[in-house]
Amino acid sequence: MKRVLTGNYAAAYGATAAKVNVVAAYPITPQTTIVEILSEIVANGELNAEFIKVESEHSALAACIGAQSAGARTYTATSSQGLALMHELIHWTARARLPIVMTNVNRALGPGWSIWADATDSVSQRDTGWMQVYCENNQEVYDTTLMAYKISEHADILLPTLVNLDAFFLSHTSQVVDMIDQDRVDAFLPTYAPEYKLDIDNPRSFGSLTSPDHYYEFSYKMHKAHEAAKQIIPEVHAQFAKEFGREYGMTESYRCDDAEYLLVTYGTIAGTTMDAVDRMRDKGIKAGALKIRYFRPFPSEEVRSILKNAIKVGVIDRMISFGHEGAFFTETKAAMYGETVPLYGFIAGLGGRDVSIKDIESMVDKMQAEDPSNLIWIGVKE
Amino acid sequence: MTKKDDQKPIVFEGASDMPPMSASQGSMSVNKTASWRSIRPIIHEEKCKSCMICWKFCPEPAIFPTSPPTINYDYCKGCGICIEECPFDAITSEKEGK
């Protein structure tokens with residue numbers, strides 16, 4: 001059934017289709033409408049779930065951790081400062097190997113107080129052990145939410161997923177979303193049945209004191225799970241494409257095959273970049289776009305194989321790791337270690353500043369210049 | 001780390017033996033946790049009225065509600081709360097290792 005939905009509603013309906021048992025969330029702009037519609041869906045009886053009202057984001061994720069530990073499928077959503085407040089429990093979720101799915105509406109961190117798009121919030125959670133996906137449109141938000149449960153709950157993975165969408169550009173923008181019939185979702189995503197859970201008939205203690213004899217191996221196993229995810233994610237994508245006809249990858253390449261100038265990016269900027277690529281192609285510039293969907297696990301091999309034949313590569317980040325460069329730029333360079341293609345980092349669109357097709361065309365101009373600097377700020381009013 | 005089945009501590013050979021997360025079963029039945037006790041509480045039967053106040057206050061819980069109550073010295077940390085709370089002065093302390 002096709003409906004016109006905002007990105008936030010697409011996320012909420014994705015969680016509803018996943019038949020989550022528990023929702024615990026605290027409202028924060030621009031995520032608020034996710035919580036609003038979910039509370040309505042639960043109150044109307046359209047979703048048989050416990051909706052837990054909490055006093056903070058820290059408590060929201062804590063409630064999900066408790067419920068998920070007891071064998072429930074849970075969902076929460078947040079943004080920016082809210083995600084930052086959850087930080088301690090974001091680590092806990094992953095180390096407890098709880099396959100919680102959380103939507104994060106990418107929003108800048110204050111001060112200056114900003115409610116607009118910026119990926120600093122989610123990138124700041126990079127080393128927690130969560131898988132991270134960045135969405136370009138509302139259909140992708142809906143589909144990714146569904147697939148995230150299947151991927152996270154896979155017995156060889158058992159890791160939580162953060163599904164990211166850009167503030168306002170997606171969260172409050174309406175697009176046509178093809179929603180999947182419930183019986184077909186149920187066939188794709190069976191009931192959550194974890195091997196390890198809180199159970200009074202089979203008691204266990206979880207998260208207890210862990211000596212250096214074991215902590216190291218738990219960390220090793222988490223990393224192995226991320227490596228396994230790199231194999232399993234494409235399998236789930238293939239199954240989804242077979243069932244529902246929409247194809248996804250850990251990355252998405254657009255006109256990359258013969259591209260000389262390749263632009264790597266994520267989120268909504270990816271869509272603009274693809275349009276810019278068309279324009280540049282019309283002008284005879286062999287441009288291409290590579291959209292990164294999965295930031296963790298990072299698809300290094302895939303990125304390398306797509307980028308290695310380009311003449312120049314630019315990476316566009318809607319965030320900055322102060323004192324260094326954009327995080328996706330860092331990862332892309334690491335993936336390209338040993339290759340000779342020059343790479344350039346572009347910082348653009350911080351705090352929700354528009355990134356236009358012209359801006360993206362200017363990046364290729366700058367890469368073509370004789371001696372471009374390695375990190376280029378786009379549109380700074382100096 | 002222990003398995004519930006045999007109640008014996010298991011030494012993991014490697015990551016492949018381990019659950020994905022820190023999850024143990026029955027570990028407290030083999031992991032004695034009283035090695036650092038410096039003061040040993042002693043219940044004196046002649047003064048004890050079996051009121052169970054010590055059982056209620058023991059934070060471990062290392063006191064079992066028998067009559068009179070009994071202290072499990074495998075888990076008692078010697079915090080002395082039972083000694084402090086007993087209204088009949090039926091529990092006294094003894095220095096460990098004397």
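Please read these numbers as outputs of a predicted model, since none were measured by experiment. Every chain is numbered from 1, with letters handed out A, B, ... down the list of sequences.
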Please indicate whether [X] has more than 12 foreign heavy atoms, meaning atoms of other residues, nucleotides or ligands, lying under 6.0 Å from its [atom1].
X        : atom1 : value
B:Tyr73  : OH    : yes
B:Lys49  : NZ    : yes
A:Glu243 : CD    : yes
A:Asp213 : CG    : yes

_Approximate separation, where rounding is to 0.5 Å, of B:Met21 CE and A:Ser208 OG_ =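 Result: 12.0 Å between the selected atoms.
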
_Rounded distance [0.5 Å steps], NZ in A:Lys224 versus OG in B:Ser16_ =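 Answer rounded to 0.5 Å: 12.0 Å.
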
*Quick one: side chain to side chain donor-acceptor pair (under 3.5 Å) partners of A:Lys230, sequence neighbours excluded?*
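Listed in chain order: A:Glu301.
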
*Is there a side-chain contact between B:Ser22 and A:Phe206, using heavy atoms and a 4.5 Å cut-off?*
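No, their side chains stay 4.5 Å or more apart.
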
*For each of A:Tyr196, A:Tyr215, A:Tyr220, tally heavy-atom pairs with chain B at distances under 4.5 Å, and name the one with the top tally.*
A:Tyr196

*Between A:Lys221 (side chain) and B:Met18 (backbone), is there a donor-acceptor pair under 3.5 Å?*
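Judged by distance alone, yes, a pair lies under 3.5 Å.
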
